[in-house]
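What you see is a predicted model; the values in this text were computed from it and never measured. Indexing begins at 1, ligand by ligand and atom by atom, following the structure's order.
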Amino acid sequence: MSLVIVSPASPFSLHIDDIASDKSISHRSVMFAMLAEGQSVIENFLRAEDTMNSLKIVQNLGAKVEDDGEVIKISSQGIQESFEVLDCGNSGTGMRLFCGLLSSANGHFVVTGDKYLRRRPMKRVTDPLRSIGAKIDGREDGNLAPLSIRGASLQAFDYRSKIASAQVKSCMILAALQADNACRYTEPELSRDHTERMLQGMGADIEVDGLTTTIKPMKKLLTPLYIRVPADPSSAFFFAVAASIVEGSEIVLEGVTLNPTRIEAFKALERMGADITYELTEDKYEPIGNIRVRSAELHGVEVSENISWLIDELPALSIAMACAKGESIVKNAKELRVKESDRIATVVTGLRACGIEVDEYEDGYRIVGGKLQKAKVDSDGDHRIAMSFIIAGLKSGMEVSDLECINTSFPNFFTILQKMTTVEFSK
Ligand code: S3P
């Protein structure tokens, strides 16, 4: 399955209850189970390549995992040295959080990933970790995986990060839990906060005051997690865009995390004129609920704030921008350049192929809404680029190649898509 041909969709009215589970929360749930005394229970874990790699790594690190295909139960035996190379696949979250977890563990660990992950910057975690005593190295002086980690004693820190990154923050919080004294981490803009919420729920001494998080080292093991992972808003968002741009359509996306640091893309879509309503259904570690989207006429928007809250959804949002009336601008989004692909370049190239006028900036792009044309777009191995242009195909028809990557985050994407239109696969 390396090429898909998507036909334009007729109006649809759907209720979707099987959006992929949240990737960020799934990664964290298996990693944090390593810090608990007793058995953690995880329901609705994301069974996609990225998160299954994290589960396998946790097993390689000595955790006892029971998995009946529905519920995953994890009992930690403490982190043990592994004779396996720990392969995070395509996942930056996996690699960066494991760096924090392993920096203080007893033993030597080698962490690697696929060819895309091996070219992504790791200095953002290896530098602050080294500054507190971690013994971690890799190609380009510790910037590129494979990374080698020898567990060491970590000193307390007061670290001010220049980037709003939940991966860096989470890595340093995990390191801080094993440091020799209380630590402080300050970020320039609030990034997603699942780590803080989940670890607090497990009894860790973590306080958040605005942009600063104070973490006290763990005196004892934490309480096990008991979590049902909600649906992933960044996966749900593809279908929110679909319902917005296919005239006469309506969709309900069930059981999505409504954590404010995760639904900013829906808010940006609302600012474009989208018809979206939210219904809160539960609130344990996270607020969770249903999102209803009805098609609407969209207009251009400027997106330049709270970028880390919608960074993953910008490729899909760019499809909505291409279908909107007028001009849209994305700024302050340089981080897009170091995601699974250079997403500024891949969005710009893809939209231009579809006949849309786009200007490329170092930190974003300007899109002039127009009529999408059917084109052939290559994903560059990036799941979100592949799915975004497939959604564009619901409007204009589209051929998208290099599709395997979709399995990293949303294995049942096509099952849902086929409720909206016909798709044809070829090699
Ligand atoms: C993630 C944080 C974000 C996001 C990624 C998942 C996480 O990355 O893009 O898909 O789970 O912490 P950054 O923290 O590097 O911005």
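The residues lining ligand 1, counting any heavy atom closer than 4.0 Å, are S24, R28, T93, S165, A166, Q167, R192, I311, D312, K339.
With sequence neighbours excluded, no residue forms a side-chain hydrogen bond (donor to acceptor under 3.5 Å, both in side chains) with N60.
More than 12 non-hydrogen atoms from other residues, nucleotides or ligands lie less than 6.0 angstrom from NZ of K284. With a 6.0 Å radius and a threshold of 12 heavy atoms from other residues, nucleotides or ligands, E70 has its CD atom at or below the threshold.
With contacts defined as side-chain heavy-atom distances shorter than 4.5 Å, the pair N290/V256 does not qualify. Inter-residue side-chain proximity for L417 and V423 is flagged as met; some heavy-atom pair is nearer than 4.5 Å.
A cation-pi arrangement is absent between K56 and F98 under the rule of less than 6.0 angstrom and at most 45 degrees off the ring axis.
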